[in-house]
Amino acid sequence: MRSFRHPVCFLHCGILPFHNAKLMRVALFVTCLVDLMRPSVGFAAIRLLEAAGCEVVVPETQTCCGQPAFNSGDRRAALALAKKTIAECEGFDYVVAPSGSCADQIRSEYPGLFVDEPEWRRRAKALAARTWELTSFLADVLKVDTVPGEFAGSVTYHDSCTGLRSLGIKQQPRRLLGLVAGLKLKEMPESEACCGFGGTFAVKFGDISAAIAEKKCINAQAAQAGAVVGGDLGCLLNIEGKLRRMGDETTRVLHVAEVLAGVLPNPDGKAG
Amino acid sequence: MRSQAMFFQRRAGEALADPRLQKNFAGLKDKFVGMRARAVANYENDFEELRDAGQAIRDRVIDNLDVWLELFEEKATARGATVLWARDGSEICEHVIAIAQRHGVTKVTKSKSMLSEEAQLNAALAAAGIQPVETDLGEYILQIADNEPPSHIIAPAAHKNLDEVADLFAATHQQPRKTEIPALTREAREVLREHFLSADMGISGGNFLIAETGSVVLVTNEGNGRMVTTLPKVHVVITGIEKIVPTLADFATLMRLLPRSATGQEISNYVSVCTGTKGEADADGPEHTYFVLVDNGRAGLVGSEFQAMLRCIRCGACMNHCPVYQTVGGHAYGWVYPGPMGAVLTSLYTGIENALDLPHASTLCNQCGVVCPVKIPLPELLRKLRERQTERGLRPWSERLALSVWSRLAQRPALYALATKLGVRYLNWLASGRDRIAVLGVAPGWTAGRDFPAPQGRTFKELYSSRQEQKA
Ligand code: SF4
């Protein structure tokens with residue numbers, strides 16, 4: 001039996017999943033990296049949200065939240081992409097992204113972008129208030145207590161910086177991973193240390209970025225877990241790339257959504 | 001100090017390639033980060049509230065900086081000190097040399113002062129025939145190492161290990177090489193004692209200036225600050241105009257923050273509050289006290305979007321916790337101040353066009369922001385500096401082109417879908433059946449030190465729309 005709690009009815013509707021509340025409509029903000037590099041994360045997110053009783057819509061015209069432009073100091077481009085994203089995503093009960101950093105761009109940065117456009121600012125604030133990172137949405141809003149995934153083995157969790165320090169995402173993914181049948185969580189030393197990704201930083205300062213990633217990988221390996229799991233694909237690509245270059249062919253690198261949903265990519269990296 | 005900030009990339013690369021430096025950095029990080037964490041955990045009250053209080057005090061001062069400075073000048077003057085103002089580094093040097101000449105000084109002892117680094121004061125003093133002797137152990141080590149610049153604001157010689165110091169001492173002091181820290185510090189003390197006793201003037205920085213009493217506060221661990229400020233007949237304090245705090249009570253609050261954030265101590269070994277000149281009843285103290293209060297770019301930040309930076313109390317926590325600083329060390333930043341605060345200050349004080357890499361040399365992980373005792377939003381300031389660079393057209397054309405192509409695409413969903421579809425296929429072709437790409441032409445920086453995982457094969461959008469079609 002699926003456990004589902006709708007925030008407006010406050011009753012635990014395990015028996016009557018849809019009670020008399022209407023289905024919660026959630027827009028999935030896929031994120032540009034997931035779209036490009038790892039669609040399985042997007043499908044995993046859909047599976048998780050649907051399993052928790054949401055109606056998931058993927059706004060068709062979405063591209064990128066604009067964070068790369070914002071962090072590169074190109075405010076104009078960031079503003080244009082913010083407007084586009086707001087218009088696409090504002091008609092839903094919630095917007096959920098499988099990334100702390102993209103969710104935070106919408107939640108924490110969008111409102112501040114509109115200095116002299118009060119109407120846009122209002123819309124940005126309204127959207128910000130409805131936007132969540134996936135694991136915190138599942139844990140804090142939907143308060144799920146079952147997840148579809150099964151995982152035979154151990155994982156170690158990397159806390160991505162923006163999710164951790166701006167959105168306070170720390171216990172949520174761990175609690176959810178605890179619900180995955182068969183999964184054992186092993187903490188690595190310094191799980192909160194930056195992996196060195198930093199968006200365009202990883203390309204502009206590749207040598208520094210890779211050196212920081214190496215420290216992260218050494219810590220991750222120290223956990224002696226079968227997989228490194230995290231909530232932001234950028235960090236995961238960085239960690240996976242460094243592990244492989246270091247000759248580690250066995251430690252898998254997985255997005256938390258994939259593990260929770262049981263939608264794992266094949267070991268060769270292709271969508272499962 | 002002439003800025004070398006434009007060479008960040010190269011100097012960072014050199015640091016990365018130096019195994020001895022890498023080892024020193026690792027030890028440093030473990031020490032500082034662990035000690036601060038323990039001190040914060042052991043703090044009897046809520047450390048976050050303390051940070052709020054610290055920020056409030058600093059904001060109160062900076063919002064009305066001129067008023068507090070006037071009060072300070074009035075109080076300090078009433079206690080017999082002379083307050084001088086310096087607009088920039090060269091005015092610092094002029095003031096200090098004039099003071100030295102007025103009092104017939106030929107040798108000065110110095111306690112740590114980052115402002116004197118901003119002004120390249122030691123070189124100016126030497127050129128004027130006045131011998132400067134650094135007495136902070138770290139600064140002393142750097143001085144005898146052919147005037148190396150500091151790599152950390154509270155541990156200037158942090159990049160050197162015991163062996164290097166032992167070699168340096170043996171060569172400079174012409175004494176048998178010692179390898180135990182106590183023996184080395186004893187040797188330094190013996191050498192420095194001579195200087196303490198023979199110098200006619202002491203120069204110190206200042207951690208705080210207290211407006212209500214006209215005092216300067218020195219927070220040190222070595223006791224050299226006391227020697228420098230009490231033994232010579234002249235004491236010159238060189239400090240930034242932003243170092244002011246209204247009252248002794250405010251200072252007490254900030255003192256709860258500073259040592260805990262800096263070294264993880266509840267309190268530093270020495271805290272000296274120096275007020276005015278030696279009075280009738282005083283056993284010691286300088287006959288002449290001068291304050292050289294320095295602008296050097298600070299006043300221009302008041303009221304600007306970078307004003308928060310003036311709250312800084314120079315604890316060093318931001319660099320201690322910075323993954324980039326931990327990896328490349330302080331010298332890569334190229335000027336006086338390293339790490340996140342240094343990236344901001346170097347840009348603001350030496351010109352953003354002279355430090356193009358620094359605001360970008362950060363992952364914006366915000367580890368600095370969460371440890372800063374006065375809650376300076378360092379990543380936000382770095383980002384704003386990036387914006388200023390963009391506005392002034394200071395970014396390289398290749399980067400601007402890439403950003404503009406990408407952002408135009410991202411605003412046109414149909415075109416974007418096509419471009420990403422092709423892009424993914426191109427990446428997959430590069431991977432040629434493997435799960436990774438070893439050399440990525442469009443981002444060589446990425447693949448120089450790690451692989452680039454191959455994409456799964458199709459974009460999410462492609463897969464999703466074919467799934468929807470199947471459903472329909
Ligand atoms: S910016 Fe904050 S953390 Fe860094 S030195 Fe200044 S006060 Fe300390």
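Please read these numbers as outputs of a predicted model, since none were measured by experiment. Letters go in sequence order (proteins before strands), and every chain restarts at 1.
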With a 4.5 angstrom heavy-atom cut-off, could you sort out which part of [X] is near chain B: side chain, backbone, both or neither?
| X | value |
| --- | --- |
| A:Glu60 | backbone |
| A:Lys215 | side chain |
| A:Val203 | both |
| A:Ile46 | side chain |
| A:Ala69 | both |
| A:Cys195 | neither |
| A:Lys204 | both |

Options [options], ranked by heavy-atom pairs under 4.5 Å with chain A, top entry:
| options | value |
| --- | --- |
| B:Val328, B:Val33, B:Asn366, B:Ile437 | B:Asn366 |
| B:Ser465, B:Pro379, B:Ala361, B:Ser404 | B:Ala361 |
| B:Gly423, B:Ala12, B:Ser362 | B:Ser362 |

Review point. If you count the non-hydrogen atoms of other residues, nucleotides and ligands that lie under 6.0 Å from NZ in B:Lys421, is the total more than 12?
Key: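 No - once you tally the heavy atoms of other residues, nucleotides and ligands closer than 6.0 Å, there are 12 at most.
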Check your understanding: How about A:Arg123: does its CZ atom have over 12 heavy atoms from other parts shown lying under 6.0 Å from it?
Key ->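 Counting other residues, nucleotides and ligands, CZ of A:Arg123 exceeds 12 neighbours.
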Practice item. Answer yes or no: is there a side-chain heavy-atom contact under 4.5 Å between A:Met37 and B:Phe452? Key: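 Counting from C-beta outward, A:Met37 and B:Phe452 do come under 4.5 Å.
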Exercise for review: Answer yes or no: is there a side-chain heavy-atom contact under 4.5 Å between A:Val58 and B:Lys461?
Suggested key: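 No, side chains not in contact.
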Using a cut-off of under 4.5 Å for heavy-atom pairs, which of [options] has the most such pairs with chain B?
| options | answer |
| --- | --- |
| A:Cys64, A:Ala210, A:Gly241 | A:Gly241 |
| A:Ala202, A:Ser166, A:Ala80 | A:Ala202 |
| A:Ala78, A:Gly199, A:Pro68 | A:Pro68 |
| A:Met246, A:Gln62, A:Glu192 | A:Gln62 |

Check your understanding: Do B:Arg386 and A:Asn71 meet the criterion of a side-chain donor-acceptor pair at a distance under 3.5 Å?
Key ->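 No donor-acceptor contact under 3.5 Å links the two side chains.
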**Study point:** B:Arg383 side chain to A:Ser72 side chain, donor-acceptor N/O pair below 3.5 angstrom
**Key:**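 No, because no side-chain N or O of B:Arg383 sits under 3.5 Å from a partner of the opposite role on A:Ser72.
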Heavy-atom pair of closest approach, residues [X] and [Y]:
| X | Y | value |
| --- | --- | --- |
| B:Gln456 | A:Pro265 | NE2-CB, 3.5 Å |
| B:Trp406 | A:Gly66 | CH2-CA, 4.4 Å |
| B:Arg450 | A:Gly206 | NH2-O, 3.4 Å |
| B:Val324 | A:Ile208 | CG1-CG2, 4.1 Å |
| B:Pro453 | A:Glu240 | CB-OE2, 3.8 Å |
| B:His360 | A:Phe201 | O-CD1, 3.6 Å |

Review point. Going through the checks in order, is the side-chain contact (heavy atoms from CB on, under 4.5 Å) test met by A:Cys194 and B:Gln367?
Key: CA-CA 8 Å; A:Cys194 176; B:Gln367 183 62 60; over 6 Å; no
Exercise for review: Answer with side chain, backbone, both or neither: which region of B:Leu385 has an atom nearer than 4.5 Å to a non-hydrogen atom of chain A?
Suggested key: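 Neither part.
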Review point. With only heavy atoms counted, which part of B:Arg388 is less than 4.5 Å from chain A, the side chain, the backbone, both or neither?
Key: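 Neither part.
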Review point. For chain A, which residues from residues 407-419 of chain B lie under 4.5 Å away (heavy-atom distances)?
Key: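 Within residues 407-419 of chain B, near chain A: B:Ser407, B:Ala410, B:Gln411, B:Pro413, B:Tyr416.
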Exercise for review: Spell out the residues in residues 438-446 of chain B that have some non-hydrogen atom less than 4.5 Å away from a non-hydrogen atom of chain A, in order of number; otherwise answer 'none'.
Suggested key: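 So far as heavy atoms go, B:Ala438, B:Ala443, B:Gly445, B:Trp446 are the residues that approach chain A to under 4.5 Å.
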Look up atom [atom1] in [X] and atom [atom2] in [Y], then write down how far apart they are to the nearest 0.5 Å.
| X | Y | atom1 | atom2 | value |
| --- | --- | --- | --- | --- |
| A:Phe70 | B:Leu364 | CZ | CG | 9.5 Å |
| B:Cys368 | A:Arg165 | SG | CZ | 9.0 Å |
| B:Thr390 | A:Asp74 | OG1 | CG | 6.0 Å |
| B:Glu380 | A:Glu109 | CD | CD | 7.0 Å |

Review point. Using 30° and 60° as the class limits, which term best fits the ring planes of B:Phe460 and A:Phe43: parallel, tilted or perpendicular?
Key: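 The rings of B:Phe460 and A:Phe43 sit tilted, inter-plane angle from 30° to 60°.
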Quick test of your reading of the model: are [X] and [Y] salt-bridged, counting only N-O distances below 4.0 Å?
| X | Y | answer |
| --- | --- | --- |
| A:Arg76 | B:Glu387 | no |
| A:Glu249 | B:Arg436 | yes |
| A:Arg245 | B:Asp451 | yes |

Check your understanding: Under 3.5 Å, side chain of A:Asp207 to main-chain N/O of B:Gly449, donor-acceptor pair present?
Key ->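 Absent.
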Practice item. Indicate yes or no for a side-chain donor-acceptor contact from B:Lys384 to the backbone of A:Gly73 under 3.5 Å, with no hydrogens or angles considered. Key: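 Judged by distance alone, no pair lies under 3.5 Å.
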